[in-house]
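Have a look at the structure below before the remarks.
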Amino acid sequence: PEQGIPIPEKMPDAAGLDAVVLAVPHRQYREFDYGRWVGKSRPVILDAFNVLTREQRTSLRRLGCRVESTGRGAGL
């Protein structure tokens with residue numbers, strides 16, 4: 001807000017997205033229910049700032065989403 005950029009009140013509908021980049025580790029993003037949010041959509045998710053927990057990544061992969069992370073090492 002201090003830069004005059006509007007902050008969305010809620011996440012956009014996942015059905016219209018091909019990919020999601022998580023680049024800010026705010027508490028709201030760490031605690032978000034991504035499994036419920038993706039619904040039937042299967043966007044590619046790039047966790048670029050260690051936002052997702054291991055459980056969140058595993059859950060999203062089980063739903064059929066491709067989840068990639070930077071800075072975690074191979075296989076995490």
Side-chain angles (χ1 to χ4, degrees):
E2 62 271 0
Q3 294 183 5
I5 299 170
I7 307 284
E9 294 287 323
K10 63 179 186 165
M11 293 282 277
D13 186 5
L17 303 176
D18 294 320
V20 176
V21 177
L22 301 172
V24 188
H26 295 310
R27 179 182 47 80
Q28 294 89 336
Y29 295 131
R30 290 185 184 272
E31 297 173 356
F32 190 71
D33 184 353
Y34 293 97
R36 193 176 94 167
W37 174 68
V38 296
K40 294 181 181 183
S41 179
R42 296 298 175 255
V44 172
I45 298 174
L46 173 61
D47 182 359
F49 207 103
N50 197 24
V51 175
L52 298 173
T53 65
R54 179 181 298 267
E55 292 78 20
Q56 287 170 315
R57 290 190 313 275
T58 299
S59 174
L60 285 164
R61 287 179 178 133
R62 283 186 183 142
L63 289 172
C65 293
R66 179 173 177 185
V67 180
E68 299 293 336
S69 301
T70 59
R72 290 184 170 278
L76 300 175

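- A 4.5 Å side-chain heavy-atom check between Asn50 and Pro25 finds every atom pair outside the cut-off.
- Rounding to the nearest 0.5 angstrom, the gap separating the OG atom in Ser59 from the CZ atom in Arg36 is 13.0 Å.
- Note that CZ of Arg61 is 12.0 Å distant from CG of Leu63, once rounded to the nearest 0.5 Å.
- Ser41 approaches Ala14 most closely through the heavy-atom pair OG-O, 2.9 Å.
- Nearest approach of Ala48 to Thr70, heavy atoms of both residues: CA-OG1, 3.4 Å.
- Cluster annotation: Leu60 and Phe32 are assigned to the same hydrophobic cluster (Ile/Leu/Val/Met/Phe/Trp/Tyr, side-chain heavy-atom contacts under 4.5 Å, transitive).
- For the atom pair CZ (Arg66) and CD1 (Ile45), the distance works out to 12.0 Å, reported to the nearest 0.5 Å.
- For the salt bridge (charged side-chain N to carboxylate O under 4.0 Å, His left out) condition, the pairs that include at least one residue of residues 20-33, sequence neighbours left out, are Arg27-Glu31.
- Side chain of Arg57 to backbone of Leu52: a donor-acceptor contact under 3.5 angstrom is found.
- Hydrophobic clustering (ILVMFWY, side-chain heavy atoms < 4.5 Å, transitive): Phe49 and Met11 are in one cluster.
- Looking at every heavy atom in both residues, Lys40 comes nearest to Arg42 through C-NH1, 3.6 Å.
- Ring-plane geometry between His26 and Tyr29 is classed as tilted, the angle between the planes lying from 30 to 60 degrees on a 0 to 90 degree scale.
- At least one side-chain heavy atom of Val20 sits less than 4.5 Å from a side-chain heavy atom of Trp37.
- Between Tyr34 and Val67 there is no side-chain heavy-atom pair separated by less than 4.5 Å.
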